[in-house]
Asks: 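Before I ask anything, let me first share the structure, which is written out below as structure tokens.
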Amino acid sequence: MMAELNQEQTKNNDVKEKKEKDKKEKKEKKEKKHKKEDGTKEKKEKKDKDGKHKDKKEKKEKKHKDKEHKKDKKEKKEKKEKKEKKDTEVGDKPVAKRRLHVVKHLQAKKKRQEKNSEQKVLLKTEDDYEPVNRWWEREDGAESGKRGAKKWDTFEHHGLLFAPDYEPINVPLVYDGQEVYLPPEAEEIAYYWTSVKGTPYEVKDIFIKNFWKTFKEYLPKNSPIKDFKKCDFTKLSNHREAERQKRLNRSKEEKEAEKAKTAKETEWYSHAIVNGVREKLGNFRLEPPQLFRGRGEHPKQGLLKKRTFPESVTLNIAETACVPKVCGMPGHAWRDIVHENTVQWIATFEDGLLQDSKYVSFAATSGLKGQPDMLKYDRAKRLVSKIDQIRDSYRSLMKSKKPADRQKATATYFIDKLALRVGGEKDTEEEADTVGCCSLRVEHLKLTEPLTIHLDFLGKDSIRYTNSVEVTKEVFDNVQGFISGKAPTAQVFDKIAPADLNEYFKQFMDDLSAKVFRTYNASFTLQAELNRFEVKNRSSFSQDQLYQFYNDANRQVAILCNHQKAESKGHAQSMEKMRNAQKEMERNYKALKRHVQALQQGKPIQDASAKLPKDAKAAEKKMHEVKARLLRHRTAIETKEANKTVSLGTSKVNYMDPRITVAWCKKVDLAIEKVFPKTIRTKFPWAMHFPSSYVFE
DNA sequence: AGTTTAACTTAGAATTGAGATA
DNA sequence: TATCTCAATTCTAAGTTAAACT
């Protein structure tokens, strides 16, 4: 038995090793490919190009040094002067900023400001604001937003900001009552452990097991530390907490100074220039090392995600642009520099734990993200006109003789009706066990005669999906057929994969895929819910009530898409508080009502101690106020409870066509700021001008 | 024709910040 | 004037998909 087990294990190890070997080989091949590409065509140019680069690089470095020199000098000057100078001085701004604002404009601005300062008047003009890249007004529209389309002719940026080194704190771990000072590498891991204190990871078996495995690897061979249960990390976590408090307790000035400092640092990296337009980046900081926080029962949670060094970072930049300096990492160099103008990333790097690569790309407000995003909503809108045809198609496929077709039809039904994700295959050794439509297993479904299907499974991010739906006879019979005789762990749709569905969808629309149904469903639902608002009753709605109406619609979408959030820790308590406040308000209201009646009927006032108006009219007015406040409070309670575990933001940001919201707000005269916070408004600049007549249909 | 992966979108948690409130 | 609350922002994990690769 034991021998068998061992054999089995070695077998497994062999397989694993082979897998890893394969991966390595592939990587090497990939690198070779890159080299080859660079090598053949560009060999001739390479020499003088390198020369050029070097020149540019040196120049740039010199500039940088000059800048720093200036900075030192400047810091000695008075604050006021500094501020003024910063606003007007052209030469002190980083390259990215200077390019965009165009020197001319800045000079004009300077002149105006000089003039204004004489008059002591501050006048803002268009030049004071970040210019918006109005790509949606261009003739070719969002053409370059298509996947694989050319995205730039010129393209430059300043590279990435690396995570700071770990600073050893020299605080001991207490092991079995004894203080043990750890070598810096081990202390670092122990310190990362303290960062999950107070989170669910702290008590999760997989996390603890993996952390312990990692930690042991970093302990010296002769370390007395052998058992997790005997480890006491409190001294380390106290240190962390003390540091946090120190940060929190900084003076206002300190905070401001630090903020300004990081802002300056950030400014250097935060934007790229794409075709001469300054575009904001999403992330430019490389991920700091930490214990991996995989969701749900992720088998790798708790393992160390290692620090990223320049050697695993590839930059994407125009051939003509300066190669950014590798900052704060002396002796290190970028892995590669590429010039791919059909992709939207500025850098890609290897994840410090999982085998996949990650990307550094643009912020949601950028044109590079905005264009494909707008196309996404247009695609979903086009689906509206195709949906009947598609439904007819899969309805007839339900009764097909081919099992694969019946599965295709049934799966499409779920995607259409329930807005399920398509559900690709997952590697259970490396990832958490979650499913979508195609990967649903028999154990996830329960059928109840005559037509009800109960679904219960873990979806993306290990968020539980539970729903009971009444389906058509065909669907019910099909599903029953698919699951009968199968093991609980067998796939319901064993004859189809996401690619089959997407291929099927292509016959209706060349850019239709499974995920479009979710966008369509969300937008369609929002439109339908908002349509229920009767504009002729508009005058009886306050802004708050309109907002509430919108949120109710939004919530329907979020529920459809199963967008959840964890219940906040103080929820029950604050709910209690609000209910108590409500009771108090109700008592007050009743007292006031009696008081008003007493005044109206000329009866003597019962409770003279209360500060109530003596005048009947004033009392009545107050009564109405209190009533209104009470009603508002009641709906606030209802909303809070309804939103306890429902996340409205995800659908607002990713699923609902923003033009629907814009149009409705215009139609009912609700301030858009109420429903679209700043981030959303700047994400959808292309949608803001649509008229109230826009409909998603 | 099936499998893998590069490139992209979508997701909830954690952190930060701003405003309300005691 | 501190504290509390909630909204906004940041972070990065975890999906989908088409194209590239066997």
Asks: Does OP1 or OP2 of C:dA13 have a side-chain N or O of A:H298 closer than 4.0 Å?
Replies: no
Asks: So, A:S651 and A:N554: side-chain donor and acceptor under 3.5 Å apart, yes or no?
Replies: yes
Asks: Classify A:E503 by what it touches in the nucleic acid, base, sugar-phosphate, or nothing, heavy-atom distance under 4.0 Å.
Replies: nothing
Asks: Report which part of the nucleic acid A:K255 touches: base, sugar-phosphate, or nothing (heavy-atom distance under 4.0 Å, all strands).
Replies: nothing
Asks: What is the distance, to the nearest angstrom, from the CE atom on A:M575 to the P atom on C:dC6?
Replies: 11 Å
Asks: Touch check for A:K305, heavy atoms < 4.0 angstrom, all strands: base, sugar-phosphate only, or nothing?
Replies: sugar-phosphate
Asks: Is there a side-chain polar atom (N or O) of A:K426 under 4.0 Å from OP1 or OP2 of C:dG15?
Replies: yes
Asks: Between A:L286 and A:C437, just flag the one whose closest nucleotide in DNA chain C comes earlier from the 5' side.
Replies: A:L286
Asks: Do A:K386's NZ or CZ and the ring of A:F508 fall within the cation-pi criteria of under 6.0 Å and 45°?
Replies: no
Asks: Students often get this wrong, so: under 4.0 angstrom with heavy atoms, is A:G423 touching a base, only sugar-phosphate, or nothing?
Replies: sugar-phosphate
Asks: Would you say A:Q407 and A:D494 are linked by a side-chain donor-acceptor pair, where the criterion is simply a distance under 3.5 Å?
Replies: yes
Asks: Is there a side-chain contact between A:N283 and the phosphate of C:dC11, meaning an N or O under 4.0 Å from OP1 or OP2?
Replies: no
Asks: Just to confirm, is there a sub-4.0 Å distance from OP1 or OP2 of C:dC6 to any side-chain nitrogen or oxygen of A:K640?
Replies: yes
Asks: Any chance CD of A:Q573 has more than 12 other-residue heavy atoms, nucleotides or ligands included, within less than 6.0 Å?
Replies: no
Asks: Calculate the interatomic distance between A:W345 atom CH2 and B:dT9 atom P; express it in whole Å.
Replies: 15 Å
Asks: Would you give a per-nucleotide map of nucleotides 11-22 of chain B, 5' to 3', where B means the base has a protein non-hydrogen atom under 4.0 Å away, S means only the sugar-phosphate does, and - means neither?
Replies: SBSS--------
Asks: Figure out the CG/P separation between A:L375 and C:dA18, and round it to whole Å.
Replies: 14 Å
Asks: Which nucleotide in the list C:dT12, B:dA7, C:dT5 gets nearest to the side chain of A:K577?
Replies: C:dT5
Asks: Considering every strand and a 4.0 Å limit on heavy-atom distances, what is the contact class for A:T348: base, sugar-phosphate, or nothing?
Replies: nothing
Asks: Do A:R240 and A:Y191 meet the cation-pi criteria used here (NZ or CZ under 6.0 Å from the six-membered ring centre, within 45° of the axis)?
Replies: yes
Asks: Classify the nucleic acid contact of A:Q344 as base, sugar-phosphate or nothing, counting any heavy atom under 4.0 Å across all strands shown.
Replies: sugar-phosphate
Asks: Among C:dA18, B:dT9, C:dT12, which nucleotide has an atom closest to any side-chain atom of A:K506?
Replies: C:dA18
Asks: Classify the nucleic acid contact of A:K369 as base, sugar-phosphate or nothing, counting any heavy atom under 4.0 Å across all strands shown.
Replies: base
Asks: Let me know, please, whether A:F292 or A:V516 comes out on the 5' side of the other along DNA chain C by nearest nucleotide.
Replies: A:F292
Asks: Sequence neighbours excluded, which residues qualify as side-chain contact (heavy atoms from CB on, under 4.5 Å) partners of A:K259?
Replies: none
Asks: Less than 4.0 Å between a side-chain N and a carboxylate O, is that true for A:K306 and A:D351?
Replies: no
Asks: Roughly, in whole Å, what's the span from OH in A:Y359 to P in B:dA7?
Replies: 4 Å
Asks: In this structure, how many angstroms lie between the P atom of B:dA7 and the CZ atom of A:F349, rounded?
Replies: 14 Å
Asks: Between B:dT5 and A:Q355, is there an OP1 or OP2 to side-chain N/O distance shorter than 4.0 Å?
Replies: no
Asks: Indicate, with a heavy-atom threshold strictly under 4.0 Å, whether A:P498 touches base, sugar-phosphate, or nothing.
Replies: nothing
Asks: List in chain and number order the residues that pass salt bridge (charged side-chain N to carboxylate O under 4.0 Å, His left out) with A:E202, two or more places apart in sequence or in another chain; answer none if no residue qualifies.
Replies: none
Asks: Which is true for A:T342 with a 4.0 Å heavy-atom rule: it touches a base, it touches only sugar-phosphate, or it touches nothing?
Replies: sugar-phosphate
Asks: Describe the nucleic acid contact of A:D510 in one word from base, sugar-phosphate, nothing, applying a heavy-atom distance below 4.0 Å.
Replies: nothing
Asks: Measure from NZ on A:K358 to P on C:dG15 and round the result to the nearest Å.
Replies: 14 Å
Asks: Could you tell me the separation between the NZ atom of A:K495 and the P atom of B:dG2, rounded to a whole number of Å?
Replies: 14 Å
Asks: Which part of the nucleic acid does A:A432 contact within heavy-atom distance under 4.0 Å: base, sugar-phosphate only, or nothing?
Replies: nothing
Asks: Quick one: A:E425 CD to C:dA14 P, roughly how many Å, whole number?
Replies: 18 Å
Asks: How about A:E350 and A:S357: does a side-chain donor come under 3.5 Å of a side-chain acceptor?
Replies: no
